[in-house]
*Asks:* 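The structure is given below, and queries will be raised subsequently.
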Amino acid sequence: MFSNKEKKNSQEQLEKEALDPQRIPNHIAVIMDGNGRWAQKRHLPRVVGHKQGMEVVEVITKAASNLGVKVLTLYAFSTENWKRPVDEVNYLMDLPVKFFNRFVPELISHNVQVNVMGDESKLPKKTQVAVHNAIEQTKSCDGMILNFALNYGSRTEIVEATKKIARDVKDEQLDESQINDEIFAKYLMSEQLHPYNDPDLLIRTSGEQRISNFLLWQIAYSELVFTEVYWPDYKPQNLYEDILKFQQRNRRFGGIKA
Ligand code: FPP
């Protein structure tokens, strides 16, 4: 007889084997939603959901890296999340500290490099230090990039890029006639992820079907997958299923079917 754990592992293995290893998305972005509802369903404080969400980040990072994903972008804190109660914001700001303290050696052993996109200057000092240390400690890892969107908002990113372009035109570093999609993209924070600036697959958990100011420029041709699963319940098996959905799509980038 198989134990439940063995059954779960073999099911997970089957889901993994159903994937075409040649068509693993290079860049996966995730809106990790549903932490609060996961906790409320269990009559627990919302922050317990965030804590469990952090554990899931660890598991999904390893699963994505093992599949050969090149960039995993996780929406950890949006520019709008400051509107939450101060205790919850403080807890969320402490999570990168907890996460990196515990998980950096394992990231290194998986050859994962940490990157952060967002306005770091507004983060508490302890969060900034944790982030900078993690970036520094993993900078020579050349496997998957684990890219945290932290105090990130896409409209701000686009406005800031536009300001920089305007300055460069004014300073005659750039001619207006040169500005096109490719040049514009170089001014966005996602240029740090080159050549995988744009997600191939965007996943949002928890049943919500919106983008919430996340990577608005970069997802122009991403495949979108919305899953009912709350982020704290998200398992490698869910990741494999969502990648399978991606592989079953026919990406045309505005062209016609090959
Ligand atoms: C949205 O769920 C989730 C967040 C705003 C925070 C996401 C953060 C994590 C999953 C942990 C990140 C870990 C590290 C290492 C930085 P919600 O609270 O809006 O859920 P709800 O819609 O059910 O209320």
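What you are looking at is a predicted structure, and each value in this text was computed from that prediction instead of being measured. Indexing begins at 1, ligand by ligand and atom by atom, following the structure's order.
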*Asks:* Quick one: does Arg37 get an N or O within less than 3.5 Å of an N or O on ligand 1?
*Replies:* yes
*Asks:* Considering heavy atoms of the protein only, find what lies nearest to atom 10 (C) of ligand 1 and give residue, atom and distance to 0.1 Å.
*Replies:* Asn35 ND2, 3.2 Å
*Asks:* Given side-chain contact (heavy atoms from CB on, under 4.5 Å), test Lys41 with Tyr230 step by step and report yes or no.
*Replies:* CA-CA 11 Å; Lys41 223 174 87 182; Tyr230 291 150; 4.1 Å; yes
*Asks:* To check your reading of the model: name the closest protein heavy atom to atom 14 (C) of ligand 1, its residue, and the distance in Å.
*Replies:* Phe148 CE2, 4.0 Å
*Asks:* Answer yes or no: does atom NZ of Lys245 have more than 12 heavy-atom neighbours from other residues, nucleotides or ligands under 6.0 Å?
*Replies:* yes
*Asks:* Mind checking whether Trp231 contacts ligand 1 via backbone (N, CA, C, O), side chain (CB onward), both or neither, at a 4.0 Å heavy-atom cut-off?
*Replies:* side chain
*Asks:* Around atom 12 (C) of ligand 1, find the nearest protein heavy atom and jot down its residue, atom name and distance.
*Replies:* Met32 CE, 4.0 Å
*Asks:* Where do Asn147 and Thr73 land on the side chain to side chain donor-acceptor pair (under 3.5 Å) test, with the steps shown first?
*Replies:* CA-CA 4 Å; Asn147 180 39; Thr73 296; 3.0 Å; yes
*Asks:* Flag Gly36 as yes when one of its N or O atoms lies below 3.5 Å from any N or O atom of ligand 1, and as no otherwise.
*Replies:* yes
*Asks:* Considering distance alone, does some N or O of Arg46 sit under 3.5 Å from an N or O of ligand 1?
*Replies:* yes
*Asks:* Students often mix this up, so state it plainly: with edges at 30° and 60°, are the rings of Tyr75 and Phe214 parallel, tilted or perpendicular?
*Replies:* parallel
*Asks:* Starting from atom 5 (C) of ligand 1, find the nearest protein heavy-atom neighbour and note its residue, name and distance.
*Replies:* Asn81 OD1, 3.6 Å
*Asks:* Which of the atoms in ligand 1, numbered in the order shown and given with their element, are less than 4.0 Å from a heavy-atom of Phe99?
*Replies:* 15 (C)
*Asks:* Among Asn238, Asp33, Val56, which residue satisfies the side chain to side chain contact (heavy atoms under 4.5 Å, CB included) criterion with Trp231?
*Replies:* Val56
*Asks:* Show your reasoning for whether side chain to side chain donor-acceptor pair (under 3.5 Å) applies to Asn151 and Trp82.
*Replies:* CA-CA 9 Å; Asn151 194 23; Trp82 296 107; 2.9 Å; yes
*Asks:* Heavy-atom contact check, 4.0 Å cutoff: does Ser206 meet ligand 1?
*Replies:* no
*Asks:* Measure across Tyr187 and Ala161 and return the closest heavy-atom pair with its distance rounded to 0.1 Å.
*Replies:* O-CB, 3.5 Å
*Asks:* Does ligand 1 have an atom that lies less than 4.0 angstrom from a heavy atom of Arg84?
*Replies:* yes
*Asks:* Of the choices Ala76, Ala130, Pro232, which has the non-hydrogen atom that lies closest to atom 16 (C) of ligand 1?
*Replies:* Ala76
*Asks:* Could you tell me the residue and atom name of the protein heavy atom closest to atom 11 (C) of ligand 1, and the distance to it rounded to 0.1 Å?
*Replies:* Leu95 CD1, 3.6 Å
*Asks:* May I ask whether Val97 and Met54 are part of the same hydrophobic cluster, defined by side-chain heavy atoms of I, L, V, M, F, W, Y residues being less than 4.5 angstrom apart, directly or through others?
*Replies:* no
*Asks:* Report the part of Leu92 in contact with ligand 1, treating N, CA, C, O as backbone and CB onward as side chain, heavy atoms under 4.0 Å; options are side chain, backbone, both, neither.
*Replies:* side chain
*Asks:* So, for Tyr240 and Ala63, which heavy atoms are closest and what is the spacing to 0.1 Å?
*Replies:* OH-CB, 4.0 Å
